[in-house]
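Basis for what follows: all heavy atoms, side chains included, without hydrogens, waters or symmetry-related copies.
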Amino acid sequence: MLKSNTTSVTEFLFEGFSSFAWQHRLALFAIFLTLYFLTLSGNVIIVSIIHLDHHLHTPMYFFLAVLSISDTCYTVTIIPRMLSDLLNPYHTIAFRDCVVQIFFYLTFGINNCFLLMVMGYDRYVAICNPLRYSVIMGKRACFHLASGSLGIGLGMAIVQVTSVFSLPFCDGFVIPHFFCDVRPLLKLACTDTTINEIINFVVSVCVLILPMGVVFVSYVVIISTILKIASAEGRKKAFATCASHLTVVIIHYGCTAIIYMKPKSQSLLGQERLISVTYTLITPLLNPLVYSLRNKEVKDALRRALWQKPLLS
């Protein structure tokens, strides 16, 4: 039994996919485990190739490697526990473990939002100001932009975690989700959560609307610049470097905005869980597939690495 009284809760229970039949949970376990390994493998390959191949030692691929590392940490925070709960759906999570999970989930999730914004800015400088690109996007600037994204993630996570876990949960212990998240936890509080809802909304605006606005403005300028390129081949190459980033941005920001910007009254838990599966499993997998493995430079680097292996042995 859960250790709870009228004033506090020491453990939580994820509702997750417990309503599904055993056969369905087993099928989901196999699908999610496969996607999890593909995500880890894809991101590890990307980071390794970028590290080993000097042709990819550019700001664009530096940010891509950082995004892959962040995606890996983000996925590891949630998916192993979710897989375990699919096989053992009535296994509780300790209060402190829930705090740790939501802290790292928010840190790396918010970090990803700002990294995608930084990558959009990188494309803007590369296409709209190519002569000064190496000066503007120097090693120090890249390091500051990447560490700034992580710093914002840490700061926002601390604000959210402090806001949520300062609330009394009383006898509410069943989280209507498959991991510890802000909105499901706010539903369990046995006090007025208006202030916490406002904090969550303000953080969501800062994390989503601000980066989305920067990316949108960047791409308006980028597209207008590309259309002025005289060479058809030049226009095609410029569009190709932006298309993959835009695809990832739309999926990532779109799913996150649906969850965190939607009015509370319109929140459907089953729908939220389905969308959450998309941005916790599918989006981290799409990053290496859409943004990198379809990229000619990355594929060339992979070929070079495979061809050099027999020679080195």
Side-chain angles (χ1 to χ4, degrees), residues 14 16-18 20-53 56 61 63-89 91 93 97 100-113 115-116 119 153 177-181 244-245 247-252 254-256 259 272-295 297-306 309:
F14 293 127
F17 303 95
S18 58
F20 287 43
W22 165 251
Q23 298 92 328
H24 295 152
R25 292 205 310 272
L26 197 60
L28 287 175
F29 176 84
I31 294 168
F32 292 165
L33 183 64
T34 302
L35 291 173
Y36 179 56
F37 279 123
L38 287 173
T39 300
L40 293 183
S41 302
N43 284 302
V44 167
I45 289 171
I46 292 304
V47 174
S48 302
I49 289 297
I50 291 172
H51 175 71
L52 294 172
D53 197 302
L56 302 181
Y61 292 108
F63 292 126
L64 185 54
V66 175
L67 180 65
S68 292
I69 294 169
S70 182
D71 268 336
T72 301
C73 296
Y74 173 82
T75 306
V76 168
T77 301
I78 298 169
I79 304 306
R81 172 75 200 205
M82 184 185 75
L83 291 171
S84 172
D85 287 345
L86 280 167
L87 300 180
N88 184 15
H91 182 222
I93 183 171
D97 293 338
V100 171
Q101 186 185 60
I102 196 172
F103 174 75
F104 285 109
Y105 157 73
L106 288 171
T107 297
F108 293 114
I110 294 169
N111 181 45
N112 287 353
C113 288
L115 276 175
L116 288 170
M119 293 166 81
H177 212 345
F178 58 86
F179 65 93
C180 292
D181 198 3
S244 299
H245 178 252
T247 303
V248 173
V249 162
I250 290 167
I251 294 170
H252 180 88
C255 290
T256 311
I259 292 292
E272 281 192 10
R273 255 170 271 179
L274 180 63
I275 298 167
S276 295
V277 168
T278 302
Y279 74 73
T280 55
L281 260 175
I282 308 300
T283 305
L285 176 61
L286 284 177
N287 287 344
L289 288 177
V290 174
Y291 200 91
S292 305
L293 299 181
R294 291 182 61 201
N295 183 290
E297 291 178 324
V298 173
K299 287 194 287 188
D300 289 343
L302 278 169
R303 290 193 194 98
R304 285 193 292 270
L306 292 172
K309 232 176 181 180

Please report the C-alpha distance between Y36 and M82 in whole Å, then the side-chain angles of each, then the deciding distance to 0.1 Å, and finally whether the side-chain contact (heavy atoms from CB on, under 4.5 Å) criterion is met.
CA-CA 11 Å; Y36 179 56; M82 184 185 75; over 6 Å; no

Look up atom [atom1] in [X] and atom [atom2] in [Y], then write down how far apart they are to the nearest 0.5 Å.
X    : Y    : atom1 : atom2 : value
F103 : T77  : CZ    : OG1   : 10.5 Å
T280 : D71  : OG1   : CG    : 11.0 Å
L35  : L40  : CG    : CG    : 11.0 Å
I31  : L33  : CD1   : CG    : 11.0 Å
T75  : F108 : OG1   : CZ    : 10.5 Å
I78  : I102 : CD1   : CD1   : 10.0 Å

Considering all heavy atoms of both residues, which atom of [X] and which atom of [Y] are nearest to each other, and what is their separation?
X    : Y    : value
C180 : F14  : N-CE2, 3.5 Å
I110 : G153 : CG2-CA, 3.7 Å
S70  : N111 : OG-ND2, 3.0 Å
N43  : P284 : ND2-O, 3.5 Å
P80  : V76  : CD-O, 3.2 Å

Test ring pair (Phe, Tyr, Trp, His ring centres under 6.0 Å) applied to Y74 - qualifying residues, sequence neighbours left out
Y105

Anything under 30° is parallel, anything over 60° is perpendicular, the rest tilted; go ahead and classify F20 against H24.
perpendicular

Would you call the rings of F17 and F32 parallel, tilted or perpendicular, taking 30° and 60° as the class edges?
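Correct class here is tilted.
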
Decide side-chain contact (heavy atoms from CB on, under 4.5 Å) for L67 and F63; before the verdict, give the C-alpha distance in whole Å, the side-chain angles of both, and the deciding distance to 0.1 Å.
CA-CA 6 Å; L67 180 65; F63 292 126; over 6 Å; no

Report yes or no: does T34 contribute a side-chain atom to a donor-acceptor pair with the main-chain N or O of A30 at less than 3.5 Å?
yes

Answer yes or no: is there a side-chain heavy-atom contact under 4.5 Å between Y61 and D53?
no

Intermediate values then yes/no, side-chain contact (heavy atoms from CB on, under 4.5 Å), I79 and L281
CA-CA 8 Å; I79 304 306; L281 260 175; 3.8 Å; yes

From the list I50, I49, V44, side chain to side chain contact (heavy atoms under 4.5 Å, CB included) partner of I46 resolves to I50

Working for side-chain contact (heavy atoms from CB on, under 4.5 Å), residues R25 and L87
CA-CA 7 Å; R25 292 205 310 272; L87 300 180; over 6 Å; no

